[in-house]
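Reviewing the structure listed below.
When a ligand or atom number is given, it counts from 1 through the structure's own listing order. We count residues from 1, following the sequence as given. What you are looking at is a predicted structure, and each value in this text was computed from that prediction instead of being measured.
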Amino acid sequence: MNFLSLIESKRDGQTLAPDQIEGFVREFTAGVIPDYQMAAMLMAIFFRGLTTAETTALTLAMRDSGDVLKLPRDQRPLVDKHSAGGIGDKVSLPLAPLLACLGFRVPMISGRGLGITGGTLDKLDSIPGFKTLLSAGKIVEQVQKTGCVICGQTDRMVPADKKIYALRDVSGTVPSIPLITASILSKKLAESLDALVLDVKFGSAAFMQTRTDARKLAKAMVALGNECGVNTRAMLTNMDTPLGRAAGNWLEVKESVACLEIGRADLLVSQAAQPVLRSTTAEGGQRGPADLLKLVLDCAAHLLVQTRKARSLVAARKQAADCLNSGAPRKKWDEMLVAQGADLGAFNKKLALDHTAPVVVELKAEKPGFVSKCDARLIGEVIRDLGGGRLTKESGINYDVGIDRLAKPGEAVQKNSILARIHAAGQSQAKSACARLRAAFEISARRTVPAPLVIEVISRSE
Ligand code: URA
């Protein structure tokens with residue numbers, strides 16, 4: 001293949017044929033095409049874009065660069081959700097066992113965080129003994145037996161994405177709609193799904209900063225997912241404020257388990273129209289992740305409708321909330337943990353602790369009023385700098401650090417009310433995080449109505 005002429009064609013705005021795209025993906029994965037040439041092609045794609053046919057060819061070539069999961073035919077539909085990432089976004093953790101209890105099979109292949117966005121695998125790594133690296137055989141076995149698995153991609157799944165993503169990361173070509181579409185969907189198509197729900201975030205801490213860009217990305221992914229035979233829907237969700245009241249790996253696992261506890265979904269159903277976050281923990285502390293619950297139930301409800309297991313979203317939400325309230329997903333969570341090697345005794349002991357980081361400090365309101373801002377980007381940066389995220393792919397992670405008891409927009413606070421608790425490795429880190437974090441909050445004399453969490457749903461009929 002004369003790859004140089006393909007780079008020149010794309011640079012000049014021409015359209016590539018599917019077999020040319022398949023060819024260069026195959027040769028790059030095999031190590032025949034050098035990184036510098038592929039980086040040039042990625043930059044040409046970044047500026048010139050890809051047509052729908054080209055994006056489809058790229059996605060399928062990337063999916064076929066490795067093994068595709070082969071699951072036996074079964075009455076239970078194969079489903080998954082993918083999030084474009086954010087701060088405190090732990091939806092996958094409670095969602096996988098909930099979906100398994102609703103009669104789905106969930107081969108949830110997840111990723112790690114980079115920069116300020118958290119990664120599902122990093123969160124799960126904070127569970128004693130839990131294994132996220134499984135063979136394809138084990139993934140299939142667990143999905144069939146337990147109904148759900150959350151793990152990393154095997155070396156043999158979508159290797160083209162691994163190589164291309166690493167190159168995009170260091171060549172300034174990550175925020176390209178066709179490249180993101182191909183990257184995300186190639187991995188999801190390798191799971192052989194029947195239905196997929198996408199959570200495409202926009203806002204200060206999201207990959208797509210504006211609703212317009214998020215909508216473009218969501219539409220491209222929905223069109224392509226459906227064209228490739230997977231019933232795909234996307235929700236556009238706000239990421240100006242963190243999801244839930246906790247961010248940081250272990251703290252998010254804790255909040256996910258709280259989300260699975262019996263009784264909490266009642267709150268959500270009654271607040272579905274306007275989910276103001278007001279619930280409290282048994283100890284009277286601030287915690288109720290009504291926004292988290294809403295998103296978990298919405299994802300489940302869409303998948304129920306997409307697979308015709310429910311006739312309407314209203315009925316589907318009730319079905320999902322009833323299932324959550326039955327306590328079965330909480331048991332399924334434990335079953336999934338045990339299936340993936342976790343030490344349940346050690347996990348439960350850890351869960352009972354208020355904190356696992358050595359130092360916890362409280363950020364307090366300086367005046368009474370209403371929270372009008374809780375900036376996800378700044379909170380994400382502070383957590384990353386506390387050691388909870390990575391600055392490079394090789395960085396280690398401190399699973400215990402983070403922020404909890406976040407006060408959220410729309411909530412009333414008194415002078416000295418807690419705006420957030422900071423979990424840090426030491427006094428000096430805690431002090432500097434506390435000082436930086438104050439700028440993440442604004443308190444106004446009047447209550448402003450918080451922005452809606454889910455602003456739009458894009459489905460295949462559009
Ligand atoms: N997540 C992915 O898996 N790929 C992208 O390109 C962006 C986010």
message: Check the orientation of Phe24 and Phe3. Use parallel for under 30°, tilted for 30 to 60°, and perpendicular for over 60°.
response: tilted
message: Going by the rule ring pair (Phe, Tyr, Trp, His ring centres under 6.0 Å), which residues pair with Phe130 if we only count those two or more places apart in sequence or in a different chain?
response: none
message: Hydrogens and angles aside, do Asp404 and His423 bring a side-chain donor and acceptor to less than 3.5 Å of each other?
response: yes
- request: Using distance alone, with no hydrogens and no angle criterion, decide if Ser126 and Asn249 have a side-chain donor and acceptor under 3.5 Å apart.
  value: no
query: Near ligand 1, which protein residues have a heavy atom under 4.0 Å away?
result: Tyr165, Arg168, Ile180, Ser183, Ile184, Lys187, Phe207
query: Do any pairs count as a side chain to side chain donor-acceptor pair (under 3.5 Å) and have a residue in residues 80-106, sequence neighbours left out, and if so which ones?
result: Asp80-Lys188, Lys81-Ser92, Ser83-Asp89, Lys90-Glu255, Arg105-Gln144
- request: Output all residues satisfying salt bridge (Lys or Arg N to Asp or Glu O under 4.0 Å) with Arg436, sequence neighbours left out; order by chain, then residue number.
  value: Asp385
